[in-house]
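Notes to accompany the following structure.
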Amino acid sequence: MGKRVAMTGNDAAAEAMRQIDPDVVAAYPITPQTELMHKFAEYVADGKVSTEFVLVESEHSAMSATVGASTAGARAMTATSSQGLALMFEILHIASGLRLPIVMPMVNRALSAPLNIHCDHSDSMSCRDTGWLQLYAENTQEVYDNILMAVRIAEHPEVLLPVMICYDGFIISHTMEAVEILDDETAKRFVGEYQPKLQLLDVERPVTVGALYLPDHYFEAKVQQARAHQTAFTVIQEIAQEFTKLCGRSYDYFESYRMEDAERAIIVLGSAAGTAKEVVDRLRSAGERVGLIKLRVFRPFPHHELAKALGRTRAVAVLDRSIAFGSIGGPVYLEVRSALLDQRERVLVLNYVYGLGGRDIFCEDIGSVYEDLRRVIEMGSTETETIYLGVRQEKLEQPVHIEV
Amino acid sequence: MSGLREYMAQEERITGGHRACTGCLPMVSLKQALMNIKDPVVVGIATGCMEVVSTIYPYTAWNVPLIHNAFENAAATVSGVEAAYNALRRKGKIAKKIKLVAFGGDGGTYDIGLQSLSGAMERGHNMLYICYNNEGYMNTGIQRSSATTMGAWTSTSPDGAVKLGKQQLQKNLTEIMIAHDLPYAAQADIGHWKDYMKKVEKAAAIDGPTFINVLSPCTLGWKFPAEDGMSIAQMAAETCIWPLYEAEHGYRKLTYKPREKKPVREWLKMQGRFRHLFRTEHEPMIEELQRQVDRRWDLLLRLCGETP
């Protein structure tokens with residue numbers, strides 16, 4: 001079976017890619033994704049994969065070439081972060097609109113300006129409506145597992161949608177952790193051989209890909225795409241169950257951590273969930289009824305399941321690692337609040353934004369959130385204003401442009 | 001190269017019934033190019049007139065596989081197709097030899113797609129990239145591009161009270177592509193169709209990155225009667241504003257040398273987009289353009305080892 005090894009998140013992603021052995025990988029360097037591609041380049045150089053490795057001149061071309069390769073009938077992958085994802089934005093829509101099963105590790109990093117290479121989720125969250133599925137990982141193990149599962153989800157004939165595997169820059173990508181890796185044969189059998197329906201290179205049966213759809217056809221194509229997201233919802237669970245049979249690790253849309261009888265809960269995605277679990281354990285041992293929801297699947301969003309999981313809580317705090325500027329809360333908050341709107345008993349929902357540009361989040365921060373939740377339950381109501389967790393208040397008073 | 005009879009007997013790779021304008025020469029450039037490639041082809045095309053008029057769902061004019069991705073990425077997209085072709089061929093999943101071709105207009109090639117094209121050529125993908133150059137963004141309503149001739153009227157370079165059409169000279173894209181040390185790069189016009197077809201045949205036979213820049217007049221954007229396009233294309237070579245030449249790894253060769261170099265005004269006066277330049281007070285602009293044409297022609301002759 002599998003073996004237990006110490007790996008960084010990027011190494012684990014590269015390891016999954018080695019086992020997948022895609023026909024084509026197109027890549028462009030960007031921190032903190034770089035080490036992933038360094039590792040994969042070694043696999044290419046050592047003949048450990050049979051991949052055509054295309055080192056393009058930009059992320060825009062990385063995604064464009066991946067689209068070309070996938071259309072041609074190849075299993076194609078790329079990986080990126082932050083500015084790179086932003087540069088790909090135009091082609092992200094084309095990849096999903098053409099229904100191409102591209103899998104892309106996405107190492108979360110803040111967007112400029114100000115320039116910053118550290119983790120937050122502003123990059124992937126700004127691409128939430130590009131039609132890509134988005135899975136988030138708490139740790140290195142989940143990075144590896146999610147990538148393998150993503151191939152199956154993306155290529156499922158009823159889904160045919162691209163998938164982003166999001167994981168926190170540096171916090172996961174560069175941190176060494178113990179990971180259980182499937183043996184090559186098991187991994188390869190799970191992923192299987194790609195059986196494309198669309199093959200541009202089939203010259204006997206020519207197809208036109210990327211045609212112009214006028215108002216009489218465009219709408220239907222997009223609604224079909226929306227339906228594929230609904231189908232993906234079921235498929236994600238099926239693939240997870242199949243994966244569990246291989247290794248015992250179970251996956252769902254989200255992980256409910258000590259949620260039994262919880263009256264206060266935090267919802268978070270990514271590495272901060274690990275810190276939050278520690279806090280939950282401490283508070284539980286002090287007899288407090290607190291729990292945690294760690295979101296794994298952000299697109300499609302599990303509204304009904306989440307409403308069910310949170311329905312019996314009294315107050316919930318949503319921790320966003322990005323700002324939805326001008327909105328009443330972050331992207332995750334908006335979804336969770338909508339999900340809870342139809343509950344017969346009102347659940348109070350608070351919004352926190354934390355960790356922008358790699359600002360660390362500590363147990364005390366999360367502890368203060370559970371305290372806030374206790375307070376709003378006592379008060380029976382809540383302000384809808386976003387709370388910025390870990391921001392230095394005194395620095396907020398500085399002028400934007402300093403006069404010289 | 002085949003004769004006209006053989007060409008006419010070929011099965012069309014782009015069929016009629018598409019929605020290009022009467023007298024559209026870019027479409028002729030595409031059709032003729034595909035006639036001169038013996039192997040099965042797979043085509044990538046940039047967003048633009050040719051893509052829009054030929055792929056209106058649920059119809060397509062393409063009898064060969066076609067991928068349209070976006071405006072600026074035809075070369076990058078075909079890079080990916082080529083990588084897939086190499087991978088699948090190596091794995092025994094594709095047996096046939098296929099030629100990969102990319103088409104882009106001058107907007108998608110000179111301007112927004114230049115980086116993508118440069119990257120693909122530098123990486124050495126086995127593809128023939130053909131720029132159907134009609135000197136402007138015709139699909140979006142005739143705006144200036146870096147391929148537009150100096151002095152030309154366009155929607156974004158109108159002939160106004162203080163500015164007279166486009167203010168800058170054309171970018172010399174063919175030379176930029178030659179600087180990529182390509183095994184083959186050429187400049188053609190659709191009027192000299194035999195010369196163009198020879199170039200396509202030559203380029204397509206090379207396993208490697210090749211490039212052709214084919215001047216393809218646009219009846220709407222250049223403002224001329226639909227039947228005049230071929231003569232206008234030919235006149236561009238006669239005046240040496242658009243010389244016909246090729247380069248193999250930088251060694252340039254003229255493929256057509258006009259017996260007598262005609263003044264550039266002969267070309268300008270055939271097109272409505274230059275009408276304003278012929279008002280007496282604007283004559284100096286024509287003279288200036290002539291000087292620039294002479295300068296570039298002189299340099300090219302030297303590069304081709306010809307006597308200026």
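Bear in mind the structure is a predicted one, so any value in this text is a computation, not a measurement.
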Note to self: Would you compute the distance between atom CD1 of I94(A) and atom NE2 of H68(B) and round it to the nearest 0.5 angstrom?
What the structure shows: 6.5 Å
Next item on the list: For R123(B) and V56(A), work out which heavy atoms get closest and say how close.
Entry: NH1-CA, 3.4 Å
Checklist line | Heavy-atom contact with chain A under 4.5 Å, split by part of I67(B) | finding: both
Note to self: Please classify the contact between L88(B) and chain A as side chain, backbone, both or neither, with a heavy-atom cut-off of under 4.5 Å.
What the structure shows: side chain
Check: Hey, what do you get for CD (E57(A)) to OG (S118(B)), rounding to the nearest 0.5 Å?
Finding: 7.5 Å
Check: Tell me, do V42(B) and V203(A) make a side-chain contact under 4.5 Å, heavy atoms counted?
Finding: yes
Notebook entry, point to check: For chain B, which residues from residues 207-215 of chain A have at least one heavy atom closer than 4.5 Å to it?
Noted result: V207(A), T208(A), V209(A), G210(A), A211(A), L212(A), Y213(A), L214(A)
Next item on the list: Considering only heavy atoms, give the residues of residues 122-132 of chain A separated from chain B by less than 4.5 Å, sorted numerically, with 'none' for an empty result.
Entry: none
Note to self: Can you tell me which portion of Q199(A) sits under 4.5 Å from chain B's heavy atoms? Options are side chain, backbone, both or neither.
What the structure shows: neither
Notebook entry, point to check: Which answer fits S50(A), side chain, backbone, both or neither, if we ask what part of it has an atom under 4.5 Å from a heavy atom of chain B?
Noted result: both
Notebook entry, point to check: Checking E82(B) against chain A: side chain, backbone, both or neither under 4.5 Å from a heavy atom?
Noted result: neither
Item checked: chain B contact via L55(A) - side chain, backbone, both or neither, heavy atoms under 4.5 Å -> backbone
Check: Under a 4.5 Å heavy-atom cut-off, does chain A meet the side chain of V78(B), its backbone, both or neither?
Finding: neither
Item checked: side chain to side chain contact (heavy atoms under 4.5 Å, CB included) partner of V81(B), the single match among L201(A), T71(A), V24(A) -> L201(A)
Notebook entry, point to check: Contact part of E122(B) toward chain A, heavy-atom cut-off under 4.5 Å: side chain, backbone, both or neither?
Noted result: neither
Check: What closest approach, in Å, do D21(A) and K91(B) show between heavy atoms, and which atom pair accounts for it?
Finding: O-NZ, 4.2 Å
Checklist line | Donor on one side chain, acceptor on other, S58(A) and Q115(B), under 3.5 Å | finding: yes
Check: Checking N86(B) against chain A: side chain, backbone, both or neither under 4.5 Å from a heavy atom?
Finding: both
Next item on the list: Could you look at T51(A) and say if it's the side chain, the backbone, both or neither that has a heavy atom under 4.5 Å from chain B?
Entry: backbone
